[in-house]
Amino acid sequence: MKTRFKPTRWALVLAAAFAAQFSAQAADNAAASASAEARAAQLVSQMTLDEKINLVFGHFGSEQNGKPPVAGVRPQSAGYLKGIDRLKITPQWQTDAGIGVASQPGKKPRERTSLPSGIATTATWNPELGFQGGAMIGNEARLSGFNVMLAGGTNLTREPRNGRNFEYGGEDPLLAGVMVGEQMRGIQSQHVVSTMKHYAFNDQETGRNILDAHIGEQAGRMSDLLAFEIAIERGKPGSVMCSYNRVNGDFSCENDWVLNKVLKGEFGFKGYVMSDWGGTHSTVKAAMNGLDQQSGYPFDKSNYFEGALKEAVLDGQVPVARLDDMAKRVLWGLASVGALDNPVNDEPGKIDYAAHARTSQADAEEGIVLLKNQGGVLPLAPNLKRIAIIGGHADKGVLSGGGSAQVYPVGGLAVPNEGPKEWPGPMVFLPNSPMKALAARTKARITYDEGRDPAAAALAAQGADVVLVFATQWTSEGKDVPNLSLPNNQDALIAAVAKANPRTVVVLETGGPVTMPWADSVAGVVEAWFPGTNGGEAIARVLSGEIDASGRLPVTFPMSESQLPRPKLDGVGLAPETRFDVDYTIEGAAIGYKWYDLKNIKPLFAFGSGLSYTSFQFNGLKAEAADGALRVTFNVANSGQRPGKAVPQVYVSKVGGGWEAPKRLGGWDKLALKAGESRSSTVTIDPRTLAVYDTASHTWKIAAGDYQVTLATAADAPVANVTVHLAAREFKPGPR
């Protein structure tokens, strides 16, 4: 179907209303930014040189390299910067990380609420849950005495073996940018600075301090940097953390293109750039190329932004105006979120852990993805006599990811002494047992086998009405997984159990994609990610059918590593400190599903995949271009017998090609529908998903021509399409 749209009166009214709303929001944002900027400038004008240095030089919050923390830190925290009492400028008390208030190693770790992993939140495809989760952990940060939260992981899943993928927002720049942006917006609603990270191209942990990521300007702007740009627009973070790695030769934290030209220039970012802990390598070069704050000393080799920066200013190597800009940006970040006017208390506040656990649970529930459901094995039938549960410490709790994002659970570790004894260990299982939660929801007799011996597990599975195998893959900061197979012989375990009982359902608790050589042998596959506090309850509610399975994959699951742009992980086997390059020009901007489309490769499970316990029908697809916007409308009906949540996805393609890949995600919706209910949906397409970034003019350009709009339930599952003609359009990056 092809339409050359002639605007109707209704469309013009809608476009005008949309434009008015957008303009009003932009005006409010501009006013708030200008107010914060004026206040920051006024404060800087009253500061001495030493006071400015205090704002840009940060200390680690715990002992490091034998050096005790400085006075004023919050115990077991990420970092601290001195305040200026006479000007009523609060100290900066910093805490990790993106899923909750983390604790550095210590005799008694700080216990707080844990959100599901970032990739699980993205799997909800529900921006509202992103905001609510952010507000919850921001509240806990504030009540714990912190006003800066190192949260906002936006890196794309270029490398599925990356140990930190669990912290991030998946493989698509639009989806990741929106979901992470909403979480940051939620955090900052609590007068706590959120820190978008790790900027940029920090897409693997192997050699993260020394690797050089090679990427072209156009491909970078249309992939990883686009995700960061959208996240900044949505979340308005007060701070951005630059990454450890090099980008096209220079370290990210002293990279003029990454920091000055793109972030502060094209994006119009007003806040401050802090280094990752150990990511500062110089004084003059770092300061002049865009770094505003050295963080976490003594992780770095030297205190570059303390005495050395003062000396560089005094002898003219760093202009006074640049130091003023650094200090002003820090103050803009604090003022823009209300941290200056709403200082945190010295004494911890009372946290409503029960309410916060419910927030985390709601997030986990919508992020759980049902990938296979042969013969309607799920939801678990009420007349089951025996359920066999195998593996994954499902009798005790649920797994979480490791490293600086690790939140220690209220109630302590469900499984002590698991995994590495030193950082990034230990493995932490949160004390919320899926088995106990299921036992409260079924009359069936539940048996448990720990799953260490495949033969014994197969014997335990025999005769059960349903077998639930809980398979885990611990991932962490500081190390990548060697491959995408489940560790500890779990593939053999699942194969043995499925042979003994074909009504086997595998529940995955993983940090990202895994391969499934047993996929054809099992009846069901459920991806639960790292489900956070109350994760056991969330899993039980989905398995039992109390709620619909409504998560959708934010990443592609490959058949094997041979399908990846780089089948072998770069840097593996090299001697420590051996510098190496990672060639991202192989796929360029064609990350994830775009790569599979481009190469005509069929993955195991496509981006956007996910089943429901009900069925949906879609009709009435229309695409209308008016007033510079492309709006897509369609109808969704729940044609099944149960309530459920549909996640219609809209993909866009340039007829005739010319893009990095055949199609791009242009938008989506998530609708809760009762059985028999229908509703119309309108999705406004982000214009950058229709455009190509032009490096000569530094603008986004939409070419005149025909574009296909596809309504789909996954990247490989189109439902309907329509063609619309668009006029040529050009627009610059910048605040929206």
Go through the side-chain N and O atoms of [X] and [Y] and say whether any donor and acceptor fall under 3.5 Å apart.
{"X": "Gln490", "Y": "Gln473", "answer": "no"}
{"X": "Gln104", "Y": "Ser77", "answer": "no"}
{"X": "Thr472", "Y": "Glu509", "answer": "no"}
{"X": "Ser404", "Y": "Glu477", "answer": "yes"}
{"X": "Thr556", "Y": "Glu171", "answer": "yes"}
{"X": "Thr475", "Y": "Arg164", "answer": "no"}
{"X": "Ser433", "Y": "Asp395", "answer": "no"}

Please assess His356 against Thr533 for the test side-chain contact (heavy atoms from CB on, under 4.5 Å), listing each intermediate value before the final yes or no. CA-CA 9 Å; His356 289 184; Thr533 298; over 6 Å; no

Worked verdict on Phe251 versus His281 for ring pair (Phe, Tyr, Trp, His ring centres under 6.0 Å): CA-CA 8 Å; Phe251 283 109; His281 299 274; 3.6 Å; yes

May I ask you to decide if [Y]'s main-chain N or O and [X]'s side chain share a donor-acceptor pair within less than 3.5 Å?
{"X": "Gln188", "Y": "Lys236", "value": "yes"}
{"X": "Ser275", "Y": "Gln294", "value": "no"}
{"X": "Arg246", "Y": "Ile210", "value": "yes"}
{"X": "Thr95", "Y": "Ala141", "value": "no"}
{"X": "Arg329", "Y": "Gly271", "value": "yes"}
{"X": "Gln406", "Y": "Ser476", "value": "no"}

Got a second to check how far [X]'s [atom1] is from [Y]'s [atom2], nearest 0.5 Å?
{"X": "Ile232", "Y": "Phe269", "atom1": "CD1", "atom2": "CZ", "result": "6.0 Å"}
{"X": "Leu143", "Y": "Lys350", "atom1": "CG", "atom2": "NZ", "result": "11.5 Å"}
{"X": "His59", "Y": "Phe57", "atom1": "NE2", "atom2": "CZ", "result": "5.0 Å"}
{"X": "Thr206", "Y": "Glu159", "atom1": "OG1", "atom2": "CD", "result": "8.0 Å"}

Apply side-chain contact (heavy atoms from CB on, under 4.5 Å) to the pair Asp212 and Asn245, showing each step before the final yes or no. CA-CA 6 Å; Asp212 189 1; Asn245 53 285; over 6 Å; no

With a distance cut-off below 6.0 Å to the six-membered ring centre and an angular limit of 45° from the axis, does Arg74 pair with Trp93 as a cation-pi contact?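 Yes, Arg74 lies over the aromatic ring of Trp93.
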
Take atom CG of Asn417 as the centre, draw a 6.0 Å sphere, and report whether it contains more than 12 heavy atoms from other residues, nucleotides or ligands.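 Not more than 12 within 6.0 Å, no.
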
Could you tell me which non-hydrogen atom of [X] sits nearest to which non-hydrogen atom of [Y], and how far apart they are?
{"X": "Cys253", "Y": "Ser243", "value": "SG-O, 3.6 Å"}
{"X": "Pro237", "Y": "Ser194", "value": "CB-O, 3.5 Å"}
{"X": "Ile187", "Y": "Ala151", "value": "CD1-CB, 3.5 Å"}
{"X": "Asp292", "Y": "Tyr272", "value": "OD2-CA, 3.5 Å"}
{"X": "Pro298", "Y": "Phe60", "value": "CD-CB, 4.4 Å"}
{"X": "His198", "Y": "Asp276", "value": "CD2-OD2, 3.4 Å"}

Salt-bridge contact [X]-[Y] (side-chain N to carboxylate O under 4.0 Å):
{"X": "Glu418", "Y": "Lys396", "answer": "no"}
{"X": "Lys479", "Y": "Glu205", "answer": "no"}
{"X": "Glu366", "Y": "Lys670", "answer": "yes"}
{"X": "Asp203", "Y": "Arg158", "answer": "yes"}

Does the side chain of Thr113 come within less than 4.5 Å of Met136's, by heavy atoms?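 SC-SC contact between Met136 and Thr113 confirmed.
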
Determine whether the aromatic ring centres of Tyr593 and Phe607 lie less than 6.0 Å apart.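 Under 6.0 Å, so yes.
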
Does Phe429 have its ring centroid less than 6.0 Å away from the ring centroid of His393?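 Ring centroids of Phe429 and His393 are less than 6.0 Å from each other.
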
Leu399 vs Val415, side-chain contact (heavy atoms from CB on, under 4.5 Å): CA-CA, chis, key distance, verdict: CA-CA 10 Å; Leu399 185 60; Val415 183; over 6 Å; no

Does Phe299 form a side-chain contact (heavy atoms from CB on, under 4.5 Å) with Gln64? I'd like the steps, not just the answer. CA-CA 7 Å; Phe299 271 78; Gln64 175 71 6; 3.7 Å; yes

What do the steps show when you test Glu229 against Arg234 for salt bridge (Lys or Arg N to Asp or Glu O under 4.0 Å), and what is the final call? CA-CA 9 Å; Glu229 182 177 13; Arg234 299 285 295 221; over 6 Å; no

